[in-house]
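One structure is given here, and the rest of the page talks about it.
Index from 1, following the sequence. In this text the structure is predicted, and so the values were computed from the model without any measurement.
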Amino acid sequence: QVQLVETGGGLVQPGGSLRLSCAASGRIFSIAGMGWYRQAPGQQRELVATVTSAGSTIYGDSVKGRFTISRDNDKNTVYLQMNNLKPEDTAVYYCKMSIRRDIYAMYDKWGQGTQATVSS
């Protein structure tokens with residue numbers, strides 16, 4: 001069974017940076033779409049960034065120009081580089097893996113999340 005483990009969260013001052021990592025088990029990482037989502041207290045979970053197996057990326061409007069998603073298929077790891085962090089970026093960040101099983105179905109797997117706190 002696929003397991004996702006997020007690391008790299010922590011406390012940072014406004015304007016600072018964090019680099020999150022999501023390590024995936026198994027041999028299917030290279031064909032999976034990967035994404036980062038976040039959820040602040042009392043808020044809905046929102047898209048941060050996604051990267052397809054081919055390397056195409058999508059970013060949420062609130063993080064464009066500040067965050068960068070990347071993947072290393074040899075390490076089964078997806079990264080989220082977060083720069084110029086703002087207090088409103090404070091959230092639990094979740095990694096998601098999406099695998100197309102067939103033309104009718106997708107398989108999604110979520111990690112447990114890592115807390116990023118932006119505060120003075």
Side-chain angles (χ1 to χ4, degrees):
Q1 184 175 181
V2 172
Q3 299 290 328
L4 303 176
V5 180
E6 301 101 328
T7 58
L11 176 64
V12 66
Q13 290 185 282
S17 297
L18 286 171
R19 183 175 175 84
L20 307 184
S21 298
C22 173
S25 63
R27 301 172 63 183
I28 60 175
F29 180 86
S30 64
I31 62 171
M34 302 296 298
W36 287 98
Y37 296 75
R38 68 186 183 186
Q39 188 167 21
Q43 303 293 122
Q44 290 186 294
R45 191 169 298 187
E46 66 173 345
L47 169 72
V48 176
T50 64
V51 57
T52 69
S53 60
S56 298
T57 58
I58 296 174
Y59 293 93
D61 288 340
S62 63
V63 307
K64 287 179 180 176
R66 299 188 298 122
F67 291 10
T68 302
I69 189 170
S70 62
R71 65 191 299 158
D72 186 336
N73 290 340
D74 292 334
K75 295 182 172 64
N76 276 19
T77 302
V78 63
Y79 305 95
L80 184 69
Q81 179 67 46
M82 305 190 293
N83 297 326
N84 191 24
L85 285 161
K86 305 173 181 179
E88 51 263 44
D89 295 318
T90 296
V92 177
Y93 285 73
Y94 297 92
C95 180
K96 186 179 81 171
M97 171 182 284
S98 298
I99 296 287
R100 181 171 294 282
R101 294 298 197 184
D102 52 47
I103 62 172
Y104 304 110
M106 297 288 292
Y107 171 74
D108 291 341
K109 178 70 176 181
W110 291 89
Q112 291 298 304
T114 185
Q115 175 73 47
T117 302
V118 185
S119 176
S120 298

Please examine the side chains of W36 and M82, heavy atoms only from C-beta on, and report whether any two atoms are closer than 4.5 Å.
no
F67 vs Y93 aromatic rings, parallel, tilted or perpendicular, using cut-offs 30° and 60°?
tilted
Which pair of heavy atoms, one from S70 and one from V78, lies closest together, and at what distance?
O-CG2, 3.1 Å
Is it the case that one hydrophobic cluster holds both V63 and L85, taking links as side-chain heavy atoms less than 4.5 Å apart, direct or via other members?
yes
Does the side chain of D89 reach to within under 4.5 Å of the side chain of R38, using non-hydrogen atoms?
yes
Indicate every side-chain donor-acceptor pair of residues 112-120 with a distance under 3.5 Å to a residue at least two apart or in another chain.
residue : atom : partner : partner atom : Å
T114    : OG1  : G9      : N            : 3.3
Q115    : NE2  : A91     : O            : 3.4
Q115    : NE2  : T117    : OG1          : 3.3

Counting N and O atoms only, with roles assigned by atom type, does the side chain of S25 sit under 3.5 Å from a partner on the main chain of Q3, one being a donor and the other an acceptor?
yes
Quick one: does M34's side chain get under 4.5 Å of F29's, heavy atoms only?
yes
Is it the case that atom CD1 in I58 sees more than 12 heavy atoms from other parts of the structure closer than 6.0 Å?
no
Return yes if some donor-acceptor pair links the side-chain N/O of R100 with the main-chain N/O of G33 below 3.5 Å, else return no.
no
Nearest-0.5 Å distance, OG of residue S30 to CG of residue D72
11.5 Å
When rounded to the nearest 0.5 angstrom, what distance separates CD1 in I31 from CD1 in I99?
5.0 Å
In the single-linkage hydrophobic clustering (I, L, V, M, F, W, Y; side-chain heavy atoms under 4.5 Å), do L18 and I69 co-cluster?
yes
Roughly how far, to the nearest 0.5 Å, is CZ of R71 from OG1 of T52?
7.0 Å
Would you check if the side chain of E6 reaches a backbone N or O of C95 as a donor-acceptor pair within less than 3.5 Å?
yes
Considering all heavy atoms, the nearest L4-A24 contact
CD2-CB, 3.4 Å
I need the S21 OG to L80 CG distance, nearest 0.5 Å.
9.5 Å
Mind checking the CG-OH spacing from L20 to Y94? Nearest 0.5 Å is all I need.
13.0 Å
Please determine if R66 forms a cation-pi arrangement with Y59, meaning its NZ or CZ atom is less than 6.0 Å from the six-membered ring centre and no more than 45° off the ring axis.
no
Using the ring of Y107 (Phe, Tyr or Trp, six-membered ring only), decide whether R101 places NZ or CZ under 6.0 Å from its centre and within 45 degrees of its axis.
yes
Report, as yes or no, whether the 6.0 Å neighbourhood of atom CD on E88 holds more than 12 heavy atoms from other residues, nucleotides or ligands.
yes
Interatomic distance, K86 atom NZ to S62 atom OG [nearest 0.5 angstrom]
8.5 Å
